[in-house]
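Structure, as C-alpha cells:
Whatever order the structure lists ligands and atoms in, that order sets their numbers, starting from 1. Just the heavy atoms: all of them, side chains too, but no hydrogens, waters or symmetry mates, feed the values below.
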Amino acid sequence: MEGRRDTPEQAEFREYVQRWLQENRPPAPSFRMPEHAIEVMTEEQRTYLCAWQKKCYDAGLIGADYPKEYGGGGHQGFQRIASWEMSAANVPYMINVIGLGMAAPTILHHGTEEQKRRYLPPLLSGEEIWCQGFSEPGAGSDLAGVQASAVRDGDNWIINGHKVWTSLAHFASWMILLARHSNADKYNGLTYFITPIAGAPGVTVRPLIKITGQTGFNEVLFEDAVIPDTLRVDEVGKGWQVAMTTLLHERGAAENAGSGGGQSIEDRLGALLALAKRMPRNGKTAWDDAVIRDRLMQIVIRVEGFRQVFRRARVAALTDHPMRLALSSKVLISELNQDMAALALDIEGAFASLYLGDERAPDGAEWPLAYMNSYGITIAAGTSEIQRNILGERVLGMAKTK
Ligand SMILES: Cc1cc2nc3c(=O)[nH]c(=O)nc-3n(C[C@H](O)[C@H](O)[C@H](O)COP(=O)(O)OP(=O)(O)OC[C@H]3O[C@@H](n4cnc5c(N)ncnc54)[C@H](O)[C@@H]3O)c2cc1C
C-alpha cells in the first residue's frame, strides 16, 4: 500500500496533500485540455494551467524537496509523495514540465548561487516557463552532434543556430541550451547555457504543425543572439556532462522538482473498457467480440505489469541501478499508451475517422488524437530504440552498438 514506508512527518504531509487536493481541485475547464503538457497551445490553456501550478506551489506541493533559499519547501522525501497524490487525485498536470523535470534539477546541480536564487523560484511557481534547446535538424539521438554555435565576445556569448522540436518554446521565458563553442572535440566542445526566449533579440520561435493539425513544439532560430557569460551553466566545455544531468532527469531516472496529475494509466484503461462496452459490433458490442476481448485482456495484463514496475521503482533495494526501472518505464508506458490507442481505433471502426469538433466522434475524438500523438511520446526524451540500446548496454551489460 502506498505510504507504508512513510516516516511520521511524511505520513502527516501525505494526509495534508490528500486533504488539500480534495478541497482545492480546480473546476473543469470549459475548453479542451491536451493529453500532455507538451501539447499545450492556447493562451486559455496556458492561463488555466499556470494558475494551477502557482496554487500547488503556494501550497507546498511543488519544489517540496528544494532548498528554501531557492524557493523550495526545504524537506526531504516529500516531493514524491506530493507527485504521487496529485496523480492519484487525477488533478491537472503541471504546465512547466521541462522546467520542473529538467531545468530545475540541472540548475540546482550545476548552477551558480546567483542562478539558483534568480531562476528557481519563478520556475517552481510556473511564473516563468522553460523549454529545452537540445535537438537540431542534424542532432537528435546523436546529441553530441549539436552544431548551434556559441562564440565568446568579451563578457558575452554570440549564439547562432537552429533548434527543433522545442516543446513549449511558444510560451517560454527561458531555454536550457546546448551549444558548441569549439569544433576541436565532439564532447568537450559543448557548453551549456540559460538563454532568454520570449522577446529576446535574435531569437525567432516558429510553431511546427503536427499531423494532428495542432502545434506544441517549435523550431527556434538564433541569429547573433547575445547572452551574458553569467548565463553559462558550469564551465566552458562541460556542456556534455551538464546535459547528462538533464537527460538523467528527463528519462525519469531521478526525482524532479514536481510532477503528477493528468490522466492515469488506470483511468485510461477504464475509458478503453467503457468504449468497448459501448461501441456496436455485429449486432452486439465490441466487448462481446472474443478477439477484442482477448486484446483487451492483453492490455489489462500490461497495465498491471506497469503498475508493478512503478511500485518496484520506489523500493530502495530494487533501485540499486538508477537507470534500470526508470528507463524501462519510459519504453513500457509510451508503447502501452500507443497500443491502447491503436486498439481503441479498432474498437471504434469507421467512427475512428471522425475528428475533433465532430459531435458524432466517440469520446470527443480523443482516441485518434491520442494515437497520432503517441508516436511523438515514443520518440521524445530518447526514442524507444535508443532507450533499449541504453538498457542493453548500461543495465544488462551487453555489447555496445557501433
Ligand atoms: C513530441 C516531441 C517533443 C520533443 N521535445 C523536444 C524538446 O522540447 N527539446 C528538444 O531538444 N528536443 C525535443 N524533441 C526531440 C527528440 O529529443 C528527438 O526527436 C529524439 O531525440 C530523436 O532524434 P531525431 O528526431 O533527430 O531522430 P534520429 O536521431 O535521426 O533517429 C531516427 C531514427 O533512427 C533511430 N536511431 C538513431 N540512432 C540509433 C541507434 N544508435 N540505434 C538504433 N536506432 C537508432 C531512432 O530510434 C529513430 O527511429 C521532441 C520530440 C518529440 C517527438
Could you tell me, atom by atom, which parts of ligand 1 come under 4.0 Å of a heavy atom of [X]?
X      : answer
Ile386 : 38 (N), 39 (C), 40 (C), 41 (N)
Thr383 : 22 (C), 46 (C), 47 (O)
Phe134 : 11 (O)

Does an N or O anywhere in [X] fall below 3.5 Å from an N or O of ligand 1?
X      : result
Asp142 : no
Glu136 : no
Ser135 : yes

For the pair Phe13 and Tyr16, name the ring-plane relationship: parallel under 30°, tilted 30 to 60°, perpendicular over 60°. tilted
Using a 4.0 Å heavy-atom threshold (strictly under), name the region of Leu168 that reaches ligand 1: side chain, backbone, both or neither.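 For Leu168, no heavy atom sits under 4.0 Å from ligand 1.
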Looking only at heavy atoms, is any part of Tyr375 under 4.0 Å from ligand 1, and if so is it the side chain, the backbone, or both, or is it neither?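 For Tyr375, no heavy atom sits under 4.0 Å from ligand 1.
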Say you draw a straight line from NZ of Lys238 to OG1 of Thr245; how long is it, rounded to the nearest 0.5 Å?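 Lys238 atom NZ to Thr245 atom OG1 measures 11.0 Å (nearest 0.5 Å).
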According to side chain to side chain contact (heavy atoms under 4.5 Å, CB included), who are the partners of Glu359, at least two apart in sequence or on a separate chain?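 Result, side chain to side chain contact (heavy atoms under 4.5 Å, CB included) vs Glu359: none returned.
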Identify whether NZ of Lys or CZ of Arg in Arg232 sits under 6.0 Å from the centre of the six-membered ring of Trp157 and within 45° of that ring's axis.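 Pair Arg232/Trp157 does not count as cation-pi.
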With sequence neighbours left out, the residues meeting side-chain hydrogen bond (donor to acceptor under 3.5 Å, both in side chains) with Asp65 are none
Minimum side-chain heavy-atom gap Phe134-Trp165 below 4.5 Å: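 No; the side chains remain at least 4.5 Å from each other.
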From the options Ala380, Gly140, Gly133, Ser141, select the one whose nearest heavy atom is closest to atom 28 (P) of ligand 1. Ser141
Donor-acceptor side-chain pairing of Ser125 and Glu127 below 3.5 angstrom: yes
